[in-house]
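In what follows, chains are A, B, ... by sequence order, proteins preceding strands, each numbered from 1. Since the model is a prediction, treat every value here as computed from it, not as a measurement.
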Amino acid sequence: MDQRTLVEQARGGDREAFAVLARAAATRLDAAARLILRDREQARDAVQEALIRAWRDLPGLRDPDRFDAWLYRLLSNAAIDEARRRRRRIIEVDITTTAMAVYDDPVVTFADRDALDRALAELAPEHRALVVLHYYLGLPLPEAAAAMGISLGAAKSRLHRSISALRRSFEVGADERSATATAGGGQP
Amino acid sequence: MIHDERFDRDLGGMLADLAEPRFPDYFNEALQRAMAHRQRPAWTFPERWFPMGVLARRLPLVPALPARMVGILMMLMLLLVATVVIGVGALLLQQRPAPQFGLAANGDFAYTQDGDIYAAMHDGSQARLVIGGPTLDVAPSYSRDGQSLYFIRVVSESPDVVEVMVANADGSGVRALTEPEETSGIHWWTISPRGDVMAMVNDSVSPRFSIISLDDGTRTALDLPNAIQVDQHEWLPSGEEIVLVGRNAAGWAGIFAVATDGTGLRTIVEPQARTYVLSFSISDDGRHLAYGAFHDDSGRLGVWHLVDLATGLDTVQLAPAGQHQLGPVFSSDSSHVAFVRYSDERDGRIDAQVFVAPIDDLAAPVAVGPRQRIPSGTGGLYPQFSPDAAGMVITSDDGHAWLADLPTGEYDELPFGNETGVSWQRRAP
């Protein structure tokens, strides 16, 4: 059954159809939420909230072919809300670093991942959300801007600053790794 | 140094590696929690289930006071008498029920604010609390005769449990029409034109579609033939049949009518594959039905259809190239239809504009109210004709409401929001 039919059925209250749609998106929703929030429990809460909003508001989805983009919008909004709640409560949370995978790409190294992780951590949640919507979830920038409720110009500016910051962190990390490798290379 | 282009190109993959995408172990629990909530229910689409009408007269003017006075005392006495007469007259006028269908005079607006229900004059002035207190009350909707005010009382938000309530139009005499357990999982509900029966689609019970007597609470489940699953529904003016959007076993959506005892199912619009039926509306004279739909064979453009209920003739109303037009609603005299045209889709946003056209000349609709730029794919504008046909209230998903004067095309934003829809009271002409 195609996604459009599933969306129509879910919109009419069909729980099984909604479960199929949600299951298909769950992995990306969870990963995106963890990237934005950098906290497993908060990511879980954000995905939970996004699923609630999706089920509750599905009858308001005018164009069924935009289900994925709409769902990603709900997730980014839920994640940003979650991040703001955290800021309001002024709770020091234990940032659980995402589990490291065995990384066998010779170009993008384990250290690069660590650098990316740290660089992402320095971005504001709203900036991380835009990066994740565009680069990870693949939303075109105009749609990512609409999802964030900001103008395309603001999105371009925000994304440019975010990517520049990430790139700088990478370069610093690369320099440090290079220096470490050089020093280490002199040891017996 | 990492090259800029390569960094941009690799970033998506690096993010994926960083996140380690995997199926979340909490998914089933999260899904169950999500679906314990009620789906966005009828009251967020008030125009669908409480269509109001167009055309006609303004509210009667207050009679002028006597012009001649004999003396100060006589003048005061006459003023006193006149005041009493006018007051009683106005009260009697208000107490006369409006006709259930067709033209009526404009009454108050009812709307929700912070969990309470307010009413205001039809120009937006003189707002006053109608249903207050600690309870969470939303989605006000006047009965067709303008005498009663239906609303939803939220008993619990997690899981969603509500009661359907009714009060006199002035807010007195509040009482529950349903038990909370009846409406856990409520998806769509409508009250019959005579106000004696409620039709309800409830996801928590099987069959989902039932009729509830408002006199004694008797529930009659309607298990429709051919495994038709009911979505939204509305009553025909006769009150003898309910029109519904239903999906057959293949998941194809069509529009049907069924008697209130569940018999006599007949097809109005044949179920079609790859068609996504949105809202529908029935004219007050019972002659026409209009519905909005997406069809894959129309290039994914939203269109609305006008159906002659006597002949079954279904006429598609196409928008100009590249535009959608959806959400048709009829005027109370059944002479006009309003719909929303969506155009200029780019950068994830789209323009929404309400148009009005006579039923017998749909080719040249006239724009009414504000043009709003909204996110693509969701939400929109919702027009609702005034009972007297001279005006229109337009609400938006982001909580705004505008009042438009149809003869002049002028409009103003109303001083109250649109949290859960705005209902326009019908009054006796």
Side-chain angles (χ1 to χ4, degrees), chain A residues 1 4-5 8-9 11-15 18-19 22-23 26-28 30-32 34-35 44 47-48 51-52 54-66 69-70 73 98-99 101 103 108 112-113 116-117 131-132 135-136 138 140 142-143 145-147 152 163 166-167 170-171 174, chain B residues 1-2 4 7-8 10-24 26-27 30-31 33-35 37-41 44-45 187 201 203 208 229-232 245 247 251-253 273-274 276-278 294 296 300 302 324 326 342 346-349 375-380 397:
Chain A
M1 193 173 287
R4 167 176 283 220
T5 303
E8 181 179 4
Q9 293 185 352
R11 177 181 169 272
D14 187 327
R15 291 160 188 268
F18 182 74
R23 190 174 296 278
T27 299
R28 286 169 73 77
D30 174 68
R34 282 188 285 114
L35 285 169
R44 175 188 177 126
V47 172
Q48 172 75 81
L51 288 177
I52 289 172
W55 169 247
R56 189 190 62 198
D57 295 343
L58 192 55
L61 178 66
R62 194 177 59 242
D63 183 348
D65 289 330
R66 303 190 65 89
W70 175 72
R73 179 192 306 166
T98 49
Y103 204 79
V108 185
D112 287 330
R113 296 181 70 248
L116 178 62
D117 191 31
V131 170
V132 170
Y135 284 98
Y136 177 64
E143 288 199 15
L152 180 59
I163 297 303
L166 289 175
R167 199 179 288 129
F170 251 76
E171 289 169 1
Chain B
M1 176 178 289
I2 297 172
D4 290 1
F7 181 83
D8 286 3
D10 292 342
L11 183 54
M14 289 192 288
L15 288 169
D17 284 316
L18 184 64
E20 271 200 310
R22 60 185 178 278
F23 193 79
Y26 58 82
F27 173 77
L31 184 66
R33 284 188 181 178
M35 292 195 297
H37 287 252
R38 186 174 49 250
Q39 238 184 357
R40 187 177 176 184
T44 58
F45 304 96
H187 176 73
V201 177
D203 294 329
R208 296 167 66 241
Q229 289 295 309
V230 181
D231 184 2
Q232 54 181 290
V245 173
R247 286 172 286 111
W252 299 1
R274 304 184 64 74
Y276 187 76
V277 176
L278 295 169
F294 279 96
D296 277 359
R300 287 186 50 227
H324 309 269
L326 294 162
Y342 299 91
R346 57 186 162 81
D347 298 343
R349 295 175 191 275
S376 293
T378 56
D397 271 336

Check the pair B/Leu31 / A/Trp55 against side-chain contact (heavy atoms from CB on, under 4.5 Å), numbers first and verdict last. CA-CA 9 Å; B/Leu31 184 66; A/Trp55 169 247; over 6 Å; no

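- Taking the salt bridge (Lys or Arg N to Asp or Glu O under 4.0 Å) definition, one finds that B/Arg33 meets it with B/Glu29, sequence neighbours left out.
- In this structure a side-chain-to-backbone donor-acceptor pair under 3.5 Å is missing from B/Arg22 to A/Thr27.
- Across all their heavy atoms, A/Ala26 and B/Phe27 have their closest contact at CB-CD1, 3.5 Å.
- With sequence neighbours left out, the side-chain contact (heavy atoms from CB on, under 4.5 Å) criterion links B/Ala34 to A/Gln48, A/Leu51, A/Ile52.
- Of all heavy-atom pairs between A/Asp30 and B/Tyr26, the closest is OD1-OH, 2.6 Å.
- Atom OH of A/Tyr135 and atom CG of B/Leu11 lie 6.0 Å apart (nearest 0.5 Å).
- Taking A/Val132, A/Val47, A/Thr5 one by one and counting their heavy-atom pairs under 4.5 Å with chain B, the maximum is reached by A/Val47.
- Considering CG of B/Leu18 and CG of A/Asp117, their distance stands at 5.0 Å, rounded to 0.5 Å.
- In this structure, the portions of A/Arg23 lying under 4.5 Å from any heavy atom of chain B include both its backbone and its side chain.
- Here the closest non-hydrogen pair linking B/Gly12 and A/Tyr136 is O-CD1, 4.2 Å.
- Note that CG of B/Asp17 and CG of A/Leu116 are 9.5 Å apart. Values are rounded to the nearest 0.5 Å.
- Counting all heavy atoms, side chain and backbone alike, A/Glu8 lies closest to B/Ala253 at OE2-CB, 2.7 Å.
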